[in-house]
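Numbered from 1 within each chain, the chains take letters A, B, ... in sequence-line order.
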Number of protein chains: 2
Amino acid sequence: MARTTDGSGTPVPQRLLAAATRLFAENGYDRTSVQEIVEAAGVTKGALYHYFGSKEDLLQEVYARVLRLQQERLDAFADADAPVERRLRDAAADVVVTTIENLDDASIFFRSMHHLSPEKNKQVRVERRRYHERFRALIEEGQAAGVFSTATPADLVVDYHFGSVHHLSTWYRPDGPLTPQQVADHLADLLLRALRP
Amino acid sequence: MARTTDGSGTPVPQRLLAAATRLFAENGYDRTSVQEIVEAAGVTKGALYHYFGSKEDLLQEVYARVLRLQQERLDAFADADAPVERRLRDAAADVVVTTIENLDDASIFFRSMHHLSPEKNKQVRVERRRYHERFRALIEEGQAAGVFSTATPADLVVDYHFGSVHHLSTWYRPDGPLTPQQVADHLADLLLRALRP
DNA sequence: GTGTGCAGACTAACCAGTCGGTATGTACGG
DNA sequence: CCGTACATACCGACTGGTTAGTCTGCACAC
């Protein structure tokens with residue numbers, strides 16, 4: 001058994017996932033061949049199909065990881081002990097920072113979701129919905145408390161904010177003038193300002 | 001010469017473009033075969049390659065159409081004779097309505113841009129940049145006049161709004177509770193509220 | 001000696017683009 | 001009016017290349 005023959009000690013499945021993530025983000029799911037993935041990971045097809053059932057499974061695994069991470073972080077911020085406007089601000093800014101820090105995952109997430117089979121797509125949608133609803137609940141809480149305007153339905157506000165998060169992978173460049181934290185502060189600001197009563 | 005043998009009278013090139021638009025939006029560029037396109041248009045490959053140089057040319061043509069339309073509309077609203085907050089509001093709402101009314105084009109635009117060759121991609125980026133800058137100029141005009149807050153750089157505000165426009169193709173459903181105009185009013189509202197000094 | 005981890009040749013399917021061919025229309029000389 | 005010449009519009013079989021996934025087999029661990 002000669003696992004991890006690349007010297008890094010990283011297990012093969014994780015190497016495959018990392019290579020796939022980078023390549024999917026760079027060239028898109030359909031434009032990335034299984035051959036390229038296994039070469040980038042320093043193994044062969046035998047290894048890939050030993051650990052994953054299909055190319056699609058790799059994609060789904062990328063999604064699952066991102067979703068788990070973001071949901072955990074949102075829950076932590078939303079359940080914190082602070083005024084609702086503070087919790088929303090922190091959550092809104094945090095998702096921007098973590099998205100920028102994992103721009104590869106984000107590009108894949110938003111550009112390649114429709115490449116999943118209907119059944120796996122549905123599964124992802126269900127988890128995304130849970131995330132969306134937790135975020136919406138925060139806004140509704142603030143609206144009920146009178147600290148946020150009720151002029152716009154909470155659902156739309158969520159989509160407004162996540163639109164901008166979604167969009168990050170299109171325009172944000174690490175070598176640009178703004179740090180991830182600065183972008184996050186600005187976008188959270190815009191959200192909170194839009195919600196002023 | 002037996003063009004338009006489908007009885008509709010629509011010229012073949014336009015039928016091809018319409019079929020390609022629908023299929024690209026439905027299944028993605030890479031998942032749509034040239035064979036499927038010509039079958040949907042009721043012709044054969046010979047016809048397609050008679051009018052278009054490549055499959056990619058079809059995609060580029062879709063882009064060109066959308067960009068022309070949106071730029072024209074933006075220019076009209078931006079050059080109108082009205083206070084800047086009114087012009088921005090109208091332009092911001094209009095792009096939402098026309099995007100919803102051409103959701104197929106929008107999905108293709110945002111999901112398949114990276115499928116264009118570097119050189120054609122660059123061309124599209126240049127035109128998109130022109131659009132972005134016209135929009136930004138509106139915001140900067142308002143900021144200079146003191147009617148918009150200067151807390152956020154105008155560039156970021158533009159990306160914030162277009163993030164939400166971009167995102168429409170992900171969540172908007174024609175059979176949902178909101179009409180395109182209602183969505184547009186809400187999103188334009190959010191933008192203007194975020195910009196209040 | 002048995003199972004896990006992997007190698008790599010192989011297959012069956014698919015696909016963008018090509019090309020020789022046909023059919024209809026238009027221009028023009030006589 | 002008619003025939004020749006050329007152009008436009010389109011057909012559909014074919015090609016060269018690529019791809020996801022399979023399968024046989026080997027090597028090492030226990």
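Taking a 6.0 Å sphere around CZ of R196(A), one finds it holds more than 12 heavy atoms contributed by other residues, nucleotides or ligands.
In this structure, the nucleotide among dT18(C), dG8(C), dC10(D) sitting nearest to the side chain of T44(A) is dG8(C). For V43(A), the listed nucleotide lying nearest its side chain is dA7(C); candidates were dG21(D), dC11(D), dA7(C).
Nucleic acid contact for S33(B): sugar-phosphate only, since backbone atoms but no base atoms lie under 4.0 Å from a heavy atom of the residue.
Contact check on D185(A) versus R89(A) returns a salt bridge, with a Lys/Arg side-chain nitrogen under 4.0 Å from an Asp/Glu carboxylate oxygen. Under the 4.0 Å criterion applied to side-chain N and carboxylate O atoms, E127(B) and R68(B) are not assigned as salt-bridge partners.
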Between H114(A) and N121(A), does a side chain to side chain donor-acceptor pair (under 3.5 Å) hold up when you go through it step by step? CA-CA 7 Å; H114(A) 59 293; N121(A) 199 308; over 6 Å; no
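By the 4.5 Å heavy-atom criterion applied to side chains, E36(B) and E39(B) are not counted as neighbours.
Straight-line distance from the CG atom of L48(A) to the P atom of dC23(D): 16 Å, rounded to whole Å. Atom P of nucleotide dG8(C) and atom OH of Y49(A) are separated by 17 Å, given to the nearest angstrom. Between Q35(B) atom CD and dG12(D) atom C1' the separation is 9 Å, expressed in whole Å. One can place CG of D57(A) at 13 Å from C1' of dA20(D), the figure rounded to the nearest angstrom. Taking atom CG of D30(B) as the reference point, atom P of dC14(C) lies 17 Å away to the nearest angstrom. Rounded to an integer number of Å, the gap from R15(B) CZ to dC10(D) P is 8 Å. Taking atom OH of residue Y51(B) and atom C1' of nucleotide dC10(D), one finds them 8 Å apart after rounding to whole Å. When rounded to the nearest whole Å, the span between CZ of R31(B) and C1' of dA16(C) equals 17 Å.
Between H50(B) and dC10(D) there is no side-chain polar atom (N or O) within less than 4.0 angstrom of OP1 or OP2.
A donor-acceptor contact under 3.5 Å links the side chain of K45(A) to the base of dA20(D).
Residues G46(B) and K55(A) each lie close to DNA chain D; by heavy-atom proximity, the contact nearer the 5' end of the strand is made by G46(B).
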